[in-house]
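Below is one structure, written out as structure tokens, with a few remarks after it.
Small disclaimer: the values here were computed from a predicted structure and weren't measured. Note that ligands are numbered from 1 as they come in the structure, with each ligand's atoms numbered from 1 the same way.
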Amino acid sequence: MQFAETDINNGEKRKLENGTEDLVSKKRNNRDVISYNDHPKLLIPKLCKLMYDLGWATGTGGGMSIRDGSKIYMAPSGVQKEMIQPEEVFLCNSTGEVVESPEKKLKLTECAPLFMNAYTMRNAGAVLHSHSKFANLVSLLFKGPEFKITHQEMQKGIKKGSTTNPFKYNDMLIVPIIENVCHERELTNRMRRAMEMYPETNAVIVRRHGVYIWGSTWQAAKSQAECYHYLFEIAIEMKRLGLNPDQPPGNEGGITDAD
Ligand SMILES: CSCCC(=O)C(=O)COP(=O)(O)O
Ligand SMILES: [Zn+2]
């Protein structure tokens, strides 16, 4: 991490270690430059903007959190998620209590206890909540408690639970679906139950709402989220075309080694 907490809070974002100053200066002039070596107070705004651009965090919905050891950083509640400033990010301890609030009058994200599920139950390094239309729609197309898909290359970008083993191309990838409630915090217990029932999952879909996705680092959470969203979208398209995403293919007639 390049910044002391006080540096971030005072808005002095240039106090960097060994030669990384240019990177951040560049970022300030060009919002598209991504540094892979940032402080969570910078990363959360940056990643929330990426989520907004992907349609995952529009209308103030969605958000994210990053853990650095025992420090947990979380986005504020009810704000334009694409416009969060570093000094608006909350710092919590390992049990999710706020230890440093923004100076501005802001509320901690309603997702906080759900984010904590990923930290306490899976030792996650980051967790995000997406309001993607694909996550929402897929929950309507898959009745019951499971989204299922198989024989898709992108499932190899997802790890089995907290292990380092990825799903194989021919595995059945399952994401549990929980029913929505009126207040986000009330999803906490059912998300926990789903995670206990499905130890291999790194995501929980919330029907008619969105999805929670986590990973061992923010990079893992981000790339797994991209893979999950890809799989949700392709499953929707497959169903629209009358194809079954959880049906293993038979002989599809392409060239194989045996030809
Ligand atoms: C239109 S957003 C409704 C609330 C919600 O589902 C959400 O994810 C945002 O929660 P937050 O408290 O982080 O704003
Ligand atoms: Zn939500």
| So, is C111 placed with an N/O/S atom under 2.8 Å from the Zn ion (ligand 2), counting both backbone and side chain? | no
N or O contacts of ligand 1 with protein under 3.5 Å, please list pair by pair.
| unit_1 | atom_1 | unit_2 | atom_2 | d |
| --- | --- | --- | --- | --- |
| ligand 1 | 6 (O) | H131 | NE2 | 3.1 |
| ligand 1 | 6 (O) | E184 | OE1 | 2.5 |
| ligand 1 | 6 (O) | H209 | NE2 | 3.2 |
| ligand 1 | 8 (O) | G62 | N | 3.1 |
| ligand 1 | 8 (O) | H129 | NE2 | 3.2 |
| ligand 1 | 8 (O) | H131 | NE2 | 3.0 |
| ligand 1 | 8 (O) | E184 | OE1 | 3.3 |
| ligand 1 | 12 (O) | S77 | OG | 2.6 |
| ligand 1 | 12 (O) | E110 | N | 2.8 |
| ligand 1 | 13 (O) | K81 | NZ | 3.0 |
| ligand 1 | 13 (O) | T109 | OG1 | 2.6 |
| ligand 1 | 14 (O) | G78 | N | 2.7 |
| ligand 1 | 14 (O) | K81 | NZ | 2.9 |

| task | Hey, could you give me the CG/OG1 distance between L114 and T188, rounded to the nearest 0.5 Å? | result | 4.0 Å
| task | Fit a plane to each ring of H129 and Y212, take the angle between them on a 0 to 90° scale, and name the class: parallel (under 30°), tilted (30 to 60°) or perpendicular (over 60°). | result | parallel
| Residues E179, R190: salt bridge by 4.0 Å N-O rule | no
| query | So what does the H129 NE2 - the Zn ion (ligand 2) - E184 OE2 angle come to, to 10°? | reply | 70°
| Should E237 and R240 count as an ion pair when the cut-off is N to O under 4.0 Å? | yes
| query | Taking the Zn ion (ligand 2) as the vertex, how big is the angle to NE2 in H131 and NE2 in H209, rounded to 10°? | reply | 90°
| request: From the options V89, I84, I66, select the one residue that forms a side chain to side chain contact (heavy atoms under 4.5 Å, CB included) with K41. | output: V89
| query | So, T150 side chain and D171 main chain: donor-acceptor pair closer than 3.5 Å or not? | reply | yes
| query | In terms of side-chain geometry, is the basic nitrogen of E226 or K222 positioned less than 4.0 Å from the acidic oxygen of its partner? | reply | yes
